[in-house]
Structures are given as C-alpha cells and as structure tokens.
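Computed from a predicted model, the values in this text were never measured in an experiment. Just so you know, ligand 1 is whichever comes first in the structure, and atom 1 is the first atom listed for that ligand.
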Amino acid sequence: MPKQANKTIKKIGVLTSGGDSPGMNAAIRAVTRKAIFRGLKIIGIQRGYQGLLEEDFVEFGPRSVSDTIQRGGTILRTARSEEFKTEEGKKKGAEICRKHGIDAVVVIGGDGSYRGALALSHEGIAVMGIPGTIDLDIACTDYTIGFDTAVNTALEAIDKIRDTSSSHERCSIVEVMGRNAGYIALWCGVASGAEDILLPEKYDYDEQEIINHIIESRKIGKTHHLIINAEGIGHSTSMARRIEAATGMETRATILGYMQRGGSPTCKDRYYASIMGAMAVDLLADGKGNRVIGYHNGEFMDFDVDEALAMEKQIPEYQYEVAKALSI
Ligand code: ADP
C-alpha cells in the first residue's frame, strides 16, 4: 500500500509527462496560482520524470505562469524516462524530492505518467494526477485535457479535405491520432460525416467490406467517400492504393500527424485544466495523496491512483452504431 501523505504539505512540485496536450499550460498555471494562494511553495519540474532525476527545477512565483493559459504545448516541456521506470530510478526520484523539501508532486499526463506517480507514492511522496492527453483514454474520467482542441484541429483539416474530395469525387482517407484509442477518430468521424470510421478497438481489417461500402455509396449518389482512420491502424497510404485499384475511384490519404497536438487550447480545455489544477492543490493541502482527478457524471472527483489504473474504458457501443447509421 502507498504511504499516505498525512503530514502538512509545504512545497509542491508540478511536472508534465508523456505526450503533450493543449491545455497543459492552463493546468500548470492553475496548480501554481492555487498553491501560492494557499501559502504553499511551488517548484516547476522540467522535462517530466527525467527532469526530476536530473534536478531540473525552477522555483515558480505567480508571474512565472503569466501569459501561458492560451498557449499550446507545455512550458515545463515533457519527456519519457526509461531510467525512472527502474527500481533505482523511482527511489532516486523520491530521494531528490525529499532533498529539495518537495512533499507532493502534481503529475499532468496520461496513464503511463500515472504509473510513475504511483511509484513515487509508494516511496512516500504525496501525488496527485491530472488527466492530460489528447487521446481521451483514461478510464476514470469522462474528459482529458487536450481532447477538445485536438478534435477541433483535426476536424478543421478534415472539413477542408472533404470539400475537395466532393469536387473531385474522390475517396479520402484521413489518418488522425490515437495509437491505442479511437476516440479522436470516432468524434471526428461523426462530426465530419465520414462514411467509414476505423477504430483500433473495432476494426477487423476486412478491407473488402470498405470497398463494397464505397461501391454501394456511389450507386446511391454519394460524390465522395470519407474514411477516418486511426493512427493505431495506420497504413493509410497503402490502403488508399488498394482501394483505388479495387474501386477505380481516385483515393488519397492524408496523415494529419502532430498538428493535432499543438495549438491554442479551446475554452473547454482551459476550463477543465483550471478546475482540475486548482483541485489537485486543494486535495493535497487538505492532506490527501495518491489520488488522480477525473470528471465523471458532471462532477469533478478524485480516485485512488491504483483504482484509476485498474479501470477499463471501452468505445461506447451505441455511439459507434450511430456513426454507422448516419453515414448511409
Ligand atoms: P503517457 O503519460 O502519455 O501515457 P507514457 O506512457 O510515455 O506517457 O509515460 C510517460 C512516462 O511515465 C514514462 O516515460 C516514464 O518515465 C513514466 N512511467 C511510465 N510507466 C511507468 C512505470 N511503470 N513506473 C514508473 N514510471 C513510469
């Protein structure tokens, strides 16, 4: 069992880890300002757990986070750290926290980053996780910071591709992010009126079914065929070649890539980040540790890190069925 943080917190560290997402800065800002508001010291830990191991710290004041709420990326930068995954790495991370008087660490990131937080918690450091990922793939929360910006960025690009696809009567495959999770593809697919949506959780690699769908769609008067493909399935370019050969319909693939991770966060991302960031500090200041924050059934709430990591999330079946029904 993690050692619970029942001593009074005086100094909090904040880090961003794993893949970046728009709105992370708004979360860092909220953690920083709320900590200072409550009379606590706040340290920015740069470059995730790797920066922790290298003592890459900056002391934050209220002005350190000025003019950041509207900026994409993360001012603390982010990294993946193999060293921190080792037993020695985890112990060293906790030792460094103790050496600098850091009683608690707020970790903004995805599931992987939560595993790192759990490790720190086992070493006696209070931790609080904030869901920061464009993928929406954290089970304990209905919302993750960055998703709204990412889907809107992708959708803007997809709409443009859709226009030219219709003009040229093309088939277009647009590959969106999501290595293991298809939420970006599902939302963008429904919102762009795509004819096919390929999700890592659902796709059975039956390309003939897509080909038949394209042929049927042409017969009923569709001028284009838009396929949203998730990164986890990939191979959009070779898929386009095969589809063109089989259907005779000109087929183009566009891989949207990293543009989906950047850009100014939407109002929704800034709002969730601000509330979750502030709540993380309040929970720590009130003596809680080993928790992650989520948004569930209309409420902001907190969960045990172990509990959160054990939860599973599935693509909602009904929403996936709706996507199919609306593309007739
Ligand atoms: P995300 O947080 O976006 O899911 P990753 O899965 O890449 O991203 O995890 C980010 C970082 O969290 C890793 O590079 C590593 O430093 C840390 N981490 C992940 N899993 C563990 C683990 N089991 N123990 C300790 N640290 C971990």
Side-chain angles (χ1 to χ4, degrees), residues 2-3 13-25 27-28 31 45-57 72-74 76-97 105-141 143-147 149-150 177-184 200 230-232 258 260-262 265 269 272-273 276-277 280 289-294 303-313:
K3 295 169 203 162
V14 56
L15 62 81
T16 49
S17 164
D20 69 336
S21 69
M24 279 183 161
N25 284 329
I28 297 166
V31 170
I45 302 170
Q46 312 207 75
R47 297 184 299 110
Y49 295 112
Q50 193 55 38
L52 170 63
L53 295 178
E54 292 170 18
E55 300 177 55
D56 192 353
F57 298 161
T74 156
L76 286 174
R77 303 198 291 281
T78 182
R80 295 197 158 92
S81 172
E82 284 308 310
E83 187 188 350
F84 188 74
K85 286 187 182 174
T86 64
E87 281 313 308
E88 306 79 69
K90 294 171 201 174
K91 286 204 163 40
K92 186 175 159 193
E95 277 310 314
I96 289 171
C97 285
V105 177
V106 176
V107 172
I108 308 164
D111 265 348
S113 303
Y114 284 3
R115 278 190 198 95
L118 183 62
L120 271 183
S121 179
H122 281 130
E123 297 297 330
I125 305 295
V127 295
M128 203 54 69
I130 296 180
T133 166
I134 61 168
D135 291 328
L136 199 70
D137 61 346
I138 300 181
C140 70
T141 183
Y143 194 71
T144 64
I145 298 161
F147 178 73
T149 308
M177 281 200 153
R179 225 174 292 155
N180 304 308
Y183 296 98
I184 296 178
E231 179 191 9
Y258 286 113
Q260 294 159 93
R261 300 195 91 96
D269 279 326
Y272 280 72
M276 288 177 170
N290 193 43
R291 309 290 288 175
V292 296
I293 294 175
F303 301 85
D304 241 39
V305 187
D306 330 51
E307 244 180 73
L309 284 170
M311 291 181 192
E312 283 181 23
K313 193 171 187 173

Non-hydrogen side-chain atoms of [X] and [Y] separated by less than 4.5 Å:
X	Y	result
Tyr272	Ile293	no
Tyr114	Ile138	yes
Thr16	Ser113	no

The reported gap from CG in Asn180 to CG in Asp135 (rounded to nearest 0.5 angstrom) is 8.0 Å
Value rounded to 0.5 Å, distance of NZ in Lys91 from CD in Glu123: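 Reported to 0.5 Å precision, the distance equals 4.5 Å.
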When you check ligand 1 against the protein, what N or O pairs turn up below 3.5 Å? List the atom names and distances, or just say none.
from	atom 1	to	atom 2	distance (Å)
ligand 1	2 (O)	Gly110	N	2.9
ligand 1	2 (O)	Gly110	O	3.4
ligand 1	2 (O)	Ser113	N	2.9
ligand 1	2 (O)	Ser113	OG	2.5
ligand 1	3 (O)	Gly19	N	3.4
ligand 1	4 (O)	Gly112	N	3.0
ligand 1	7 (O)	Arg80	NE	2.5
ligand 1	12 (O)	Gly112	O	3.4
ligand 1	14 (O)	Ser81	N	2.8
ligand 1	16 (O)	Ser81	N	3.3
ligand 1	16 (O)	Ser81	O	2.8
ligand 1	18 (N)	Gly112	O	3.3
ligand 1	20 (N)	Gly112	O	3.4

Testing Asp304, Val305, Leu309, Val292 one by one against Cys140 for a side chain to side chain contact (heavy atoms under 4.5 Å, CB included), which residue passes?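 Filter result, single survivor: Val292.
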